[in-house]
J.: 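Have a look at the structure that comes next, please.
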Amino acid sequence: MANPGVEATVTCPQVTSALAPCLAYLTTGAGAPPPLCCSGLGNLQKMAQSAADKQVACNCAKDAAARVPNIKEDAAASLPAKCNIQVNFPISKNTNCQDIH
């Protein structure tokens, strides 16, 4: 068994399924994100506690976002605030995930 906090335990399928309900909000930027989107973001925040987990979650989210070209950057950046969830890194296609600690 790996030492806790050394290897990432978050997987890309977990990240994409957590953020999937956010897709409509992220592509339109209209209104408020749906409750399932915010609960998914909250679950992701709870899962990604170590620096390795945060980096994996960040990279997975960036990879998923790259497959959806019409994501609105401002909608992504405002998602944590709109869901009233504190995340420890900016949600942006331009985030350098290696800088997250």
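When reading the values below, keep in mind they use all heavy atoms of this one structure, side chains included, and skip hydrogens, waters and symmetry mates.
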J.: So which atom in Ile100 and which in Ala51 form the shortest heavy-atom distance, rounded to 0.1 Å?
T.: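 Closest heavy-atom pair between Ile100 and Ala51: O-CB, 4.2 Å.
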
J.: Is any side-chain heavy atom of Leu26 closer than 4.5 Å to a side-chain heavy atom of Val68?
T.: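 No. Closest side-chain heavy atoms not under 4.5 Å.
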
J.: Please report the shortest heavy-atom distance between Gly29 and Ala75, naming the atom on each side.
T.: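 Smallest heavy-atom distance, with atoms named: CA-CB, 3.8 Å.
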
J.: Kindly say whether Pro33 contributes a backbone atom to a donor-acceptor pair with the side chain of Lys82 at under 3.5 angstrom?
T.: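 Looks like no, no N/O pair under 3.5 Å.
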
J.: Side chains of Cys37 and Leu19, heavy atoms from C-beta outward: is any pair under 4.5 Å?
T.: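 Answer no - side chains too far apart.
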
J.: Compare every heavy atom of Asp99 with every heavy atom of His101, then report the nearest pair and how far apart it is.
T.: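 So the minimum-distance heavy-atom pair works out to CD2-O, 3.1 Å.
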
J.: Please list, chain by chain and in numerical order, all residues satisfying side-chain contact (heavy atoms from CB on, under 4.5 Å) with Asn59, sequence neighbours excluded.
T.: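 Checked Asn59 against side-chain contact (heavy atoms from CB on, under 4.5 Å); matches are Cys97, Gln98.
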
J.: Per the side chain to side chain donor-acceptor pair (under 3.5 Å) rule, what does the pair list look like for residues 67-77, sequence neighbours excluded?
T.: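 Sorted pair list: Glu73-Ser92.
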
J.: How close do Cys38 and Ile85 get, counting heavy atoms only, and between which atoms?
T.: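 The pair with the smallest heavy-atom distance is O-CD1, 3.2 Å.
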
J.: Would a single hydrophobic cluster contain both Val56 and Met47, if residues Ile, Leu, Val, Met, Phe, Trp and Tyr are joined by side-chain heavy-atom contacts under 4.5 Å?
T.: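 They do not share one cluster, since no chain of ILVMFWY contacts under 4.5 Å joins Met47 to Val56.
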
J.: Got a sec: does the CG of Asn84 have more than 12 other heavy atoms crowding it under 6.0 Å?
T.: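 No, the 6.0 Å shell around CG holds no more than 12 heavy atoms from other groups.
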
J.: Can you tell me which residue pairs pass the side chain to side chain donor-acceptor pair (under 3.5 Å) test with a partner in residues 12-25, sequence neighbours excluded?
T.: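 Sorted result for residues 12-25: Thr11-Gln14, Tyr25-Ser78.
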
J.: With no hydrogens and no angle check, is any side-chain donor or acceptor of Gln45 less than 3.5 Å from a backbone partner on Gln86?
T.: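 Between the backbone of Gln86 and the side chain of Gln45 there is a qualifying donor-acceptor contact (under 3.5 Å).
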
J.: Do Leu79 and Ile71 share a hydrophobic cluster, counting only Ile, Leu, Val, Met, Phe, Trp and Tyr and linking them when any side-chain heavy atoms are less than 4.5 Å apart?
T.: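 Yes; Ile71 is reachable from Leu79 via cluster members.
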
J.: Do you know the tightest heavy-atom contact between Leu41 and Pro80?
T.: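 It is CD2-CA, 3.9 Å.
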
J.: From Leu36 CG over to Cys22 SG, what is the distance, rounded to the nearest 0.5 angstrom?
T.: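 Going from the CG atom of Leu36 to the SG atom of Cys22 covers 9.0 Å.
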
